[in-house]
Amino acid sequence: MPSHSTDQPIPASGRRLCGSRFFIHTFGCQMNKNDSEHMAGLLLGAGAEEVPSAEDSDIILINTCAVRSKSVNKVYSLLGRLKRIKQASQGVQIAVTGCVAQLHRDEIQQRYPYVDLIVGPDNYPALPEMLGKSRLRPQTATAWHSGWQEIRTGYRAKGISGFVTIMEGCNNFCSYCVVPFTRGREKFRPASQILEETQELAAKGYREVQLLGQNVNVYRDPDQGSGFPALLRELGRVRGIAWIRFITSHPRDFSHELARAMKEVPQVCHQLHLPIQAGSDDVLRAMNRGYTRSEYLERIDMLRSLMPDIALSTDIIVGFPGESGQDFEDTLRVLAEVRFANIFSFHYSPRPRTASARTLPDSVPREEKKRRLMLVQSLQKQIQLEMHRALKGRSLEVLCMGPSKKDGSVYTGRNAANQVVNFSAPRDPTGTFVRVEITGYGPYSLKGKLDP
Ligand code: 5AD
Ligand code: SF4
């Protein structure tokens, strides 16, 4: 978590958290990371100061993820450990935000009565005021709002690549997915706000933006009614932003018009995350995904005929209820056929309130899920090694993100395809675009040296 700049003046009226020190622990997806940055901005705006560890703070904010049971368990075990801190100092406030707060409010209240504040994703603007109130009595805020909740604080760390949320929530109700119950229905941010935030990032020196939303393809500007391709074209005019990416796309909603915008707006990277989830039509139907395997593959053909260099990534769930050995083979076949640059793979985890958890027995045994996950990952590892080998000797454009965490003399960055490139350089190229000659590779990253 970066520390945030405090170069803006704080209005005296907003100093209700003056003197407080806060620490944010973030679990989960990019949207959570971005939300945490905005919440940090809200707290800084109220006069609080960000500190690097929970022990030094008097406000501990835990921004949580509920997408799989493992992520929820991590939150609960952290809350258990925080009891000690709370017992040692009653003055410490503990706030739980994010998807677990929204979904499991009552359980948190019962099991962890020392939690002072529980705030769902739709209520972040109220956070500073509620932190003030929760000094007297525990507070919760999990009500839904029908419109977009804008959080603009002006506090944003300097950086190279920045997230910009364009929509939130989901109307799809894939049968396994808890997101519609934690983030609510689709809400679209006005394009004017998206443009302004992107311009602010550019003015701070950011070179890349990543547009965020559960399903960005269905974006519609609430003011003008224009769609996602028009938004990309507009953002392509922001000076200083050289690369634009977006997550996540839904295969059913990915249009030819959007693919054309990707091709025609030079800043949009030829890289796309398009979750397929499974390769079998029966499983896709039971997941309520709204496309078949061949429809998915047609989209890929369309994308590759327009942009032969496009790098694709995907999400895979193994062990969905009823997934037979044959169904699973279909997933492996899709991986072999498409040859994704990267995948994120998970074993099925039944989630509260979802259709699959309510109506389908979790029929694939744990050990079998593990075995399938291993097969998926080892096939993908092989594919990535082969794809990386083909890049050896090539010179790639890379946006340098900074020194590598493991070795300060090595720099790390990403290319347009979103592959991680670690490289040696005689000077520090952080924040700039450089050409890197690829000299080696592993399954998950490329190695190289700065091209003189
Ligand atoms: N079990 C396993 N994986 C899940 N995902 C979402 N819900 C579940 C679940 N219940 C995965 C999907 C999604 C990614 C963000 O998380 O692959 O695309
Ligand atoms: Fe969940 Fe499906 Fe919506 Fe993605 S599209 S957030 S998987 S319900």
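First listed ligand is number 1; within each ligand, the first listed atom is number 1. Model, not experiment: these values are computed from the prediction.
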Enquirer: Is the distance between the ring centroids of Tyr176 and Phe346 less than 6.0 Å?
Expert: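 Distance test on ring centres: not under 6.0 Å, no.
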Enquirer: Give the residue, atom name and distance (to 0.1 Å) of the protein heavy atom nearest atom 1 (Fe) of ligand 2.
Expert: Cys177 SG, 2.2 Å
Enquirer: For a side-chain contact (heavy atoms from CB on, under 4.5 Å) check, start with the C-alpha distance between Phe423 and Thr412, then their side-chain angles and the critical distance, and finish with the verdict.
Expert: CA-CA 6 Å; Phe423 60 99; Thr412 186; 6.0 Å; no
Enquirer: What's the shortest distance from atom 1 (N) of ligand 1 to any protein heavy atom, and which residue and atom give it?
Expert: Ser349 N, 3.0 Å
Enquirer: Short list, please: which atoms of ligand 2 are under 4.0 Å from a heavy atom of Asn172?
Expert: 5 (S)
Enquirer: Has the side chain of Ser57 got a donor or acceptor atom that lies under 3.5 Å from a matching backbone atom of Val51?
Expert: no
Enquirer: Please answer whether the main-chain N or O of Ser226 pairs with a side-chain N or O of Tyr219 as donor and acceptor at a distance below 3.5 Å.
Expert: no
Enquirer: At under 4.0 Å between heavy atoms, is it the side chain or the backbone of Tyr176 that contacts ligand 1, or both, or neither?
Expert: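 Answer for Tyr176: both.
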Enquirer: Which atoms of ligand 2 are found less than 4.0 Å from any heavy atom of Val179?
Expert: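 Those of ligand 2 that fall under 4.0 Å from Val179 are 6 (S).
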Enquirer: Can we say Glu295 and Arg252 salt-bridge, meaning some charged N sits less than 4.0 Å from an Asp/Glu carboxylate O?
Expert: no
Enquirer: Out of all atoms in ligand 2, which are within 4.0 Å of some heavy atom of His250? Include the element for each.
Expert: 5 (S)
Enquirer: Taking only heavy atoms of Val67 into account, list the atoms of ligand 1 that are under 4.0 Å away from them.
Expert: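 Close to Val67: 6 (C), 7 (N), 8 (C), 9 (C), 10 (N).
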Enquirer: For the pair Arg183 and Asp35, find out whether any cationic side-chain nitrogen is under 4.0 Å from an anionic carboxylate oxygen.
Expert: yes
Enquirer: Report yes if some N/O of Tyr348 lies less than 3.5 Å from some N/O of ligand 1; otherwise report no.
Expert: no
Enquirer: Taking only heavy atoms of Asp315, which atoms of ligand 1 are found under 4.0 Å from at least one of them?
Expert: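 Listed by number with element, the hits are 13 (C), 14 (C), 15 (C), 17 (O), 18 (O).
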Enquirer: How far is atom 3 (Fe) of ligand 2 from its nearest protein heavy atom, and which residue and atom is that?
Expert: Cys170 SG, 2.2 Å
Enquirer: Please evaluate residues Lys70 and Ser349 with respect to the criterion side-chain contact (heavy atoms from CB on, under 4.5 Å), reporting the C-alpha separation (whole Å), side-chain torsions for both, the decisive distance (0.1 Å), and the verdict.
Expert: CA-CA 8 Å; Lys70 206 162 121 187; Ser349 160; over 6 Å; no
Enquirer: Heavy atom to atom 2 (C) of ligand 1, shortest distance: which of His347, Lys369, Arg351, His250 holds it?
Expert: His347
Enquirer: Quick one: does Arg183 get within less than 4.0 Å of ligand 2, heavy atoms only?
Expert: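 No, that is not the case, since the closest heavy atom of the residue is not under 4.0 Å from the ligand.
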Enquirer: I'd like to know whether Asn415 forms a side-chain contact (heavy atoms from CB on, under 4.5 Å) with Val420, so could you lay out the CA-CA distance, the side-chain angles of the two residues, the decisive distance to 0.1 Å, and finally the verdict.
Expert: CA-CA 7 Å; Asn415 62 358; Val420 174; over 6 Å; no
Enquirer: Can you sort out which atoms of ligand 1 are near Gln277, meaning under 4.0 Å from one of its heavy atoms?
Expert: 12 (C), 13 (C), 17 (O), 18 (O)
Enquirer: Decide side-chain contact (heavy atoms from CB on, under 4.5 Å) for Asn217 and Leu258; before the verdict, give the C-alpha distance in whole Å, the side-chain angles of both, and the deciding distance to 0.1 Å.
Expert: CA-CA 8 Å; Asn217 305 158; Leu258 175 52; 3.4 Å; yes
Enquirer: Quick check on atom 2 (Fe) of ligand 2: does Cys174 put an N/O/S atom closer than 2.8 Å to it?
Expert: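 Short answer: yes, at least one N, O or S atom is under the cut-off.
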Enquirer: Would you mind running through ligand 2 and noting each atom that sits below 4.0 Å from a heavy atom of Tyr176?
Expert: 7 (S)
Enquirer: Taking the ring of His388 and the ring of Tyr444, is the distance between their centroids below 6.0 Å?
Expert: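 Centroid distance Tyr444-His388: not below 6.0 Å, so no.
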Enquirer: Could you see which bit of Arg68 sits under 4.0 Å from ligand 1, with heavy atoms only: side chain, backbone, both or neither?
Expert: side chain
